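The structure appears right after this line, and notes come after that.
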Amino acid sequence: MTDVGPFGLSVRDQALEADVQAGLAAVEEGLLEATKSEVPFITEAAQHLVRAGGKRFRPLLVMLAAQFGDRHAPGIVPSAVVVELTHLATLYHDDVMDEAAVRRGVDSANTRWGNSVAVLTGDFLFARASHILADLGPEAVRVQAEAFERLVTGQILETAGPQDGRDPVEHYLDVLGGKTGSLVAVSCRFGAMMSGADETVVDVLTQYGERLGVAFQLADDVLDIASDSHESGKTPGTDLREGIPTLPVLRLRERAARLGLAEDLALCELLDSDLTDDERHAEALRLLRAHPALEQARRDTVRYAEDARSALAPLPECAAKTALVELCDAVVHRAG
């Protein structure tokens, strides 16, 4: 039994382990090849986050979903490279929007080279992903285009905020479905689709990926408050500092509006203040870490992970299904 992929996922089947390890190794080679340029500086910037490592969560899902068809089909590894390149490109752009200083334990690209280079490097990665995608056929292009539209729509909705009268938590969960769930769903879809799996299996795995993606992001929301930079590889409280209301904050505001407790209202007031001030930011983090809203966000994470697990019920029992179930547990474990 060997740990592979993110969170130390344990694969108990030797054949599955070998397939997944080989697939992820091929994806790593593909990422390095896809980020090469004739211009050395572009190569350096494009490979900055590739070489910093990462969970490779999406490629892992491609490999596991491919187990339900021909796991050696030629489109599997390239499609995994496409989803990871797309994900990496969004990180370059996110760090500019969030003014983040650290990503995956290293300086973010915008810190190292400035915002313009970071944005253009993200664009370069999108272009390379599109180039690979073109060889996978029109259906793959359509699926990726729809997911990318959802991803960008989710980002815009997050920036715009909920419309008047809309429940902020409901709005936020819709945002996550677009920003994160869409690309995780496509990872599962590509793996099954490229392997030639039955269309029913493709649909089941796509639904699973959507729900798991939301759970994954909710776990990130919890980690952004609860962990330190050593654990998460990025600056804790980044969204807090930028005034981006993630689920723990939304649950706090919901509770404050419902109960009207003085300590809740005071914390909301602190969160509405200038959290670029290091002392205020540290105090806000300290109070949120001890607040029931953080535990509520953990419960929300568990609920989405359980929904993802339930989606797998129609699939036949096999080592790949067991691994997908364990990923639900691993996501919950990340959130504590």
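Keep in mind that the numbers below use all heavy atoms, side chains included, and drop hydrogens, waters and symmetry copies. Here the structure is a predicted model, which means the values were calculated and not measured.
Side-chain contact between Thr246 and Gln217 is absent, with no heavy-atom pair separated by less than 4.5 Å. By the 4.5 Å heavy-atom criterion applied to side chains, Tyr208 and Leu327 are counted as neighbours. Considering only heavy atoms from C-beta on, Glu263 stays 4.5 Å or farther from Leu287 through its side chain. Side-chain contact between Leu271 and Ser273: absent, with no pair of heavy atoms (C-beta onward) separated by less than 4.5 Å. Residues Tyr92 and Val119 have side chains not in contact (no heavy-atom distance under 4.5 Å, counting atoms from C-beta outward). Residues Arg58 and Val186 are not in side-chain contact: their nearest non-hydrogen atoms beyond the backbone lie 4.5 Å or more apart. Side-chain atoms of Arg298 and Val302, non-hydrogen and from C-beta on, never get closer than 4.5 Å to each other. Between Arg56 and Leu31 the shortest side-chain heavy-atom distance falls below 4.5 Å.
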- When you look at Val184 and Val214, which way does the side-chain contact (heavy atoms from CB on, under 4.5 Å) test go after all the steps? CA-CA 9 Å; Val184 176; Val214 174; over 6 Å; no
- Message: Would Glu29 and Lys36 count as a salt bridge (charged side-chain N to carboxylate O under 4.0 Å, His left out) here? Give the steps.
- Response: CA-CA 11 Å; Glu29 290 179 11; Lys36 285 180 182 175; over 6 Å; no
- Item | Worked verdict on Ile42 versus Thr121 for side-chain contact (heavy atoms from CB on, under 4.5 Å) | CA-CA 7 Å; Ile42 295 177; Thr121 302; over 6 Å; no
- Checking side chain to side chain donor-acceptor pair (under 3.5 Å) for the pair Gln155/Glu158: CA distance, chi angles, key distance, verdict? CA-CA 5 Å; Gln155 185 67 68; Glu158 180 181 63; 3.0 Å; yes
- So Leu61 and Leu212, side-chain contact (heavy atoms from CB on, under 4.5 Å) or not? Walk me through it. CA-CA 10 Å; Leu61 287 170; Leu212 186 70; 4.1 Å; yes
- Would Val202 and Asp198 satisfy side-chain contact (heavy atoms from CB on, under 4.5 Å), going step by step from the backbone distance to the final call? CA-CA 6 Å; Val202 174; Asp198 183 83; over 6 Å; no
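When all heavy atoms of Val332 and Ala305 are compared, the closest pair comes out as CG2-CB, 3.4 Å. Ala297 and Pro248 get closest at one heavy-atom pair: CB-CG, 3.8 Å. Nearest heavy atom pair, residue Arg289 against residue Pro236, reads NH2-CB, 4.2 Å. Residue Ser182 comes nearest to Ala147 through the heavy atom pair OG-O, 3.5 Å, listed as atom of the first residue, atom of the second, then distance. Nearest approach of Thr86 to Ala129, heavy atoms of both residues: OG1-CB, 4.0 Å. Heavy-atom minimum distance, Val106 versus Ala52: CG2-CB, 3.9 Å.
More than 12 heavy atoms of other residues, nucleotides or ligands lie within 6.0 Å of CD in Glu146, so this atom counts as buried by the packing criterion. The environment of Glu199 atom CD is dense: over 12 non-hydrogen atoms of other residues, nucleotides or ligands sit within 6.0 angstrom.
Under the 4.5 Å side-chain heavy-atom criterion for Ile, Leu, Val, Met, Phe, Trp and Tyr, Leu176 and Leu250 are members of the same hydrophobic cluster. Taking hydrophobic clusters as Ile, Leu, Val, Met, Phe, Trp and Tyr residues chained together by side-chain heavy-atom distances below 4.5 Å, Val222 does not share a cluster with Val169. Clustering ILVMFWY residues whenever any of their side-chain heavy atoms sit less than 4.5 angstrom apart, transitively, puts Leu173 in a cluster other than the one holding Leu223. Residues Leu205 and Leu136 share a hydrophobic cluster, clusters being chains of Ile/Leu/Val/Met/Phe/Trp/Tyr side chains in contact below 4.5 Å. Leu312 and Tyr304 fall into different hydrophobic clusters, where Ile, Leu, Val, Met, Phe, Trp and Tyr residues are linked whenever their side-chain heavy atoms come under 4.5 Å apart, directly or through other members.
The aromatic rings of Phe41 and Trp113 stand perpendicular to each other, their planes meeting at an angle above 60°, with 30° marking the opposite boundary.
A salt bridge does not link Glu84 with Arg128: none of the charged nitrogens is closer than 4.0 Å to a carboxylate oxygen. Comment: Glu306 does not engage Arg211 in a salt bridge, judged by the lack of any side-chain N to carboxylate O separation of less than 4.0 angstrom. The residues Arg253 and Asp264 are annotated as not salt-bridged, no charged nitrogen and carboxylate oxygen being separated by less than 4.0 angstrom. Between Asp174 and Lys179, none of the side-chain N atoms (NZ, or NE/NH1/NH2) sits under 4.0 Å from a carboxylate O, so this pair counts as no salt bridge. Taking a cutoff of 4.0 Å between a charged side-chain nitrogen and a carboxylate oxygen, Arg142 and Glu139 qualify as a salt bridge. A salt bridge links Glu210 with Arg150; the closest basic N to acidic carboxylate O contact falls under 4.0 Å.
Once rounded to the nearest 0.5 Å, the distance linking CD of Glu326 with CG of Leu64 reads 10.5 Å. With rounding to the nearest 0.5 Å, the separation of OG1 in Thr90 from CG in Leu85 is 11.0 Å. How far CG of Leu252 is from SG of Cys268: 4.0 Å, rounded to the nearest 0.5 Å. Rounding to the nearest 0.5 Å gives a distance of 11.0 Å between CG of Asp307 and CD of Gln207. Atom-to-atom distance recorded for Ser195:OG and Met63:CE is 11.0 Å, nearest 0.5 angstrom. Taken to the nearest 0.5 Å, the CG atom of Leu16 stands 5.0 Å off from the CD atom of Gln67.
A side-chain donor-acceptor contact under 3.5 Å links Asp221 and Tyr172. A donor and an acceptor atom, one from each side chain of Arg299 and Gln296, are located under 3.5 Å apart.
Remark: side-chain polar atoms of Thr180 are not paired, donor with acceptor, to backbone N or O of Gly213 under 3.5 angstrom. A donor-acceptor pair is defined here as one N or O able to donate and one able to accept, closer than 3.5 Å; such a pair exists between the side chain of Asp224 and the backbone of Gly237. Although no hydrogens or angles enter the test, the distance criterion places no donor-acceptor pair under 3.5 Å between the side chain of Lys321 and the main chain of Pro316. No side-chain donor-acceptor contact under 3.5 Å links His93 to the backbone of Ala118.
Checked against the 6.0 Å centroid criterion, the rings of Phe148 and Phe126 qualify as a close aromatic pair.
Among residues two or more places apart in sequence or in another chain, the ring-ring contact (aromatic ring centres under 6.0 Å, His included) test is passed with His87 by none.
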